[in-house]
Number of protein chains: 2
Amino acid sequence: MSDPEQRSTTRTPRPTMRDVAALARVGIKTVSRVLNNEPNVTPETAERVERAAAQLNYEINSVAGNLRRTGHATKTVGLVVGHVANPFSGQIHAGVEDVLYSHGYSVLAASLDDDADREQRLVREFLRRRVDGLILTTISDEQTYLLPELSRGLPIVFVDREPSGVTADAVVGDNIGGAREATAHLIAHGHRRIACLADREFLSTAKRRVEGYRLALSEGGVEFDPSLVTMNLRSADAAQAAVTALLSGEHPPTAIFAAQNLITIGVIRALRAAGMQHAIALMSFDDFEVADSLDPGISCVTQDPRSMGSLAGKKLLARLGGDHTPASTIISPTTFIARGSGEIPAPL
Amino acid sequence: MSDPEQRSTTRTPRPTMRDVAALARVGIKTVSRVLNNEPNVTPETAERVERAAAQLNYEINSVAGNLRRTGHATKTVGLVVGHVANPFSGQIHAGVEDVLYSHGYSVLAASLDDDADREQRLVREFLRRRVDGLILTTISDEQTYLLPELSRGLPIVFVDREPSGVTADAVVGDNIGGAREATAHLIAHGHRRIACLADREFLSTAKRRVEGYRLALSEGGVEFDPSLVTMNLRSADAAQAAVTALLSGEHPPTAIFAAQNLITIGVIRALRAAGMQHAIALMSFDDFEVADSLDPGISCVTQDPRSMGSLAGKKLLARLGGDHTPASTIISPTTFIARGSGEIPAPL
DNA sequence: TTGAAAGCGCTACCAC
DNA sequence: GTGGTAGCGCTTTCAA
């Protein structure tokens with residue numbers, strides 16, 4: 001028994017305010033006052049209470065406290081992101097945390113994991129835990145199931161993907177503008193056969209990016225060829241296979257617009273496998289680590305997911321603080337970065 | 001007012017079991033039974049209750065329920081990771097979620113954000129919320145502040161970095177073994193001047209990796225040269241600067257062991273800037289997306305952070321389930337991957 | 001300045 | 001099968 005203090009295997013009940021009050025020989029309410037920094041306690045009494053609390057290793061129980069506290073606030077926010085393992089989601093999470101943490105909120109985080117049912121299950125679980133607000137990335141095709149909550153006044157901010165069927169605050173990237181800029185850049189380098197690879201078509205982001213792609217085509221006087229658009233790519237592997245197929249087709253594209261970060265990774269692998277990475281131009285929607293160290297460097301339009309997260313967090317804080325202005329959608333701008341892959345000219 | 005149902009700006013109080021009971025004209029206890037799927041309710045009564053609950057959009061309040069429920073469990077686990085924006089942390093989070101979610105636990109997630117004070121603040125906040133257990137990545141130099149919790153029987157599992165000053169469960173990568181294997185690989189390719197770049201020296205991971213590096217050197221009959229070891233690199237930028245300095249020194253290394261993923265990224269940038277990426281060998285501790293698409297591909301020993309997260313989650317579940325076996329440290333193995341950068345031979 | 005009592009929304013227990 | 005009552009740990013209210 002080298003470390004007897006720690007050797008306890010059975011669960012010992014945690015001390016309560018009553019225990020602290022008994023030890024300090026004061027009323028429970030006085031303990032509450034001291035530990036919550038409320039006024040009207042003599043320094044001597046406060047001192048006694050502090051000492052008793054320290055001796056018992058007492059930590060206030062905010063769960064019990066919030067039950068009675070005005071408005072029943074739990075100071076907890078529920079966050080649903082695409083997948084915590086995806087750096088894009090991680091950045092959103094980081095942005096949300098940056099803002100909420102300093103205001104005393106904790107965040108319950110969970111992933112959709114590409115599962116539409118899970119979206120509702122997670123929201124439901126959050127509601128049962130009585131979160132004060134929600135920040136949601138969605139995957140189901142409509143969110144009318146949230147109407148009762150919205151009408152009850154629960155603050156909900158959507159992030160990355162706009163909600164469908166409900167009116168609520170949202171923070172999204174400039175999907176149309178970014179895709180348009182990326183595609184126009186390829187057209188400016190002489191390309192006419194530009195493939196567009198995108199995620200599942202029911203995602204508002206994927207839809208908008210294809211929209212931006214088509215907009216740039218028509219503005220650039222390039223005829224739209226549906227055979228160059230592949231949607232519903234859910235992974236890097238799927239994108240890789242799609243590109244490999246395109247390259248072996250009759251009229252392969254001279255440029256590729258990859259409308260999402262995982263898709264870009266699949267495209268890069270396919271191009272390298274075919275030895276075409278210097279022959280076919282590539283623009284990516286979204287950036288990733290070491291995109292600048294590849295050969296060629298990957299040109300992209302990039303969103304700022306961390307900023308999107310903190311904007312969503314700020315909006316939620318405002319709602320929590322009583323902001324009753326109409327719901328709004330904040331469009332977070334994209335940034336254009338040229339690194340080589342997007343500047344490969346079309347063959348003559 | 002196109003959508004009057006949703007137009008409410010003032011917060012409406014949520015219905016309680018009492019409301020449901022009144023509407024269904026049953027006792028509150030019966031509502032509890034139905035909503036918790038307890039036996040001894042006639043189908044007709046259950047039906048009435050279900051209907052009333054649906055009509056009021058009632059969701060059970062698990063916060064209030066857990067307060068009275070046996071053991072006061074909150075079915076919540078606190079998770080602290082290095083930084084949610086780091087893919088490595090994201091994978092740990094994903095692994096933890098995989099395991100706990102299916103067992104009815106929600107996870108409160110937060111980042112250390114490279115701030116030692118924050119570690120304790122986060123833990124404290126979690127304790128106030130009465131989490132049932134903790135999964136922690138630490139950054140402070142010792143965790144004795146957790147002794148009272150440990151002795152009280154609160155399950156705590158450390159992940160990625162071993163705790164200091166306390167005995168508790170941990171899941172860590174094979175830092176010594178991986179570093180040793182990476183370094184030995186470089187030695188096998190003829191290298192004698194191998195630089196070692198590592199994170200802050202008070203981190204157990206960084207310490208162990210340098211230990212593995214030195215072990216491989218002595219096993220390979222290579223003399224240790226302290227001038228080749230740079231520690232306390234906190235970012236890709238710092239690593240990049242360190243490599244640039246090494247390269248312009250009198251006796252530049254012929255190979256580099258980068259002991260962490262962000263460091264590897266800095267090394268890659270420095271080598272490319274100097275045009276030396278095909279001249280100097282590089283082994284990375286930890287892998288990253290597109291490491292295979294770089295030129296040369298980046299050889300590495302890689303941990304499996306997602307598996308580490310789920311192992312930690314499983315251990316915690318076991319403890320929560322009453323497992324009272326002595327604390328243990330699980331060492332998650334590393335995998336060696338050759339892609340080119342580690343196979344560059346030493347110059348003659 | 002202090003504390004006793006009521007009650008937050010629910011579950012445990014026990015009576016009917 | 002059903003429901004009243006006590007009480008989880010705290011905050012609110014109000015009296016002392």
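Because the structure is predicted, anything quoted here is derived from the model rather than measured. Chain letters run A, B, ... following the sequence lines, proteins first, then strands; residues in each count from 1.
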Measure the distance from [atom1] on [X] to [atom2] on [N] and round it to the nearest whole Å.
| X | N | atom1 | atom2 | result |
| --- | --- | --- | --- | --- |
| A:I28 | C:dA5 | CD1 | P | 13 Å |
| A:R69 | C:dG7 | CZ | C1' | 15 Å |
| B:R18 | D:dG4 | CZ | P | 10 Å |
| B:K29 | D:dG1 | NZ | C1' | 13 Å |
| B:K75 | C:dT11 | NZ | P | 14 Å |
| B:L35 | C:dC10 | CG | P | 9 Å |
| B:R25 | D:dG3 | CZ | P | 11 Å |
| A:M17 | C:dG3 | CE | P | 13 Å |

Considering just the side-chain nitrogens and oxygens of [X], establish if one lies under 4.0 Å of OP1 or OP2 belonging to [N].
| X | N | answer |
| --- | --- | --- |
| B:R68 | C:dA12 | no |
| B:T30 | D:dT2 | no |
| A:N61 | D:dG9 | no |
| B:S62 | C:dC10 | no |
| A:N66 | D:dC10 | no |
| B:T45 | D:dT2 | yes |

Choosing from [options], which nucleotide comes nearest the side chain of [X]?
| X | options | answer |
| --- | --- | --- |
| A:S32 | D:dC8, D:dG9, D:dT11 | D:dT11 |
| A:H72 | C:dT11, C:dG9, C:dT1 | C:dG9 |
| B:Y58 | C:dC8, C:dC10, D:dG3 | C:dC10 |
| B:T16 | D:dT11, D:dG1, C:dG9 | C:dG9 |
| B:A64 | D:dG9, C:dC13, C:dG9 | C:dG9 |
| A:R130 | D:dC8, C:dC10, C:dG3 | C:dC10 |

Less than 4.0 angstrom from a charged side-chain N to a carboxylate O is my criterion; do [X] and [Y] meet it?
| X | Y | result |
| --- | --- | --- |
| B:E119 | B:R161 | no |
| B:R48 | B:E44 | no |
| A:E125 | A:R121 | no |
| A:R14 | B:E149 | yes |
| B:E59 | A:R152 | no |

Report task. Describe the nucleic acid contact of A:V63 in one word from base, sugar-phosphate, nothing, applying a heavy-atom distance below 4.0 Å. Result ->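 Nothing: the residue A:V63, judged by heavy atoms under 4.0 Å, touches no strand.
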Query raised in the report: Counting distance only, does the side-chain N/O of A:T137 pair as donor-acceptor with the main-chain N or O of A:D160 below 3.5 Å?
Result: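 Answer holds: no.
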Query raised in the report: Where each residue is assigned the nucleotide of DNA chain D containing its nearest heavy atom, which of B:A46 and B:G65 is assigned the position nearer the 5′ end?
Result: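 Taking each residue's closest nucleotide, the earlier one in sequence belongs to B:A46.
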Query - Base of D:dG9 paired with side chain of A:R14 (donor-acceptor, under 3.5 Å) - result: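 Result: no qualifying N/O pair found.
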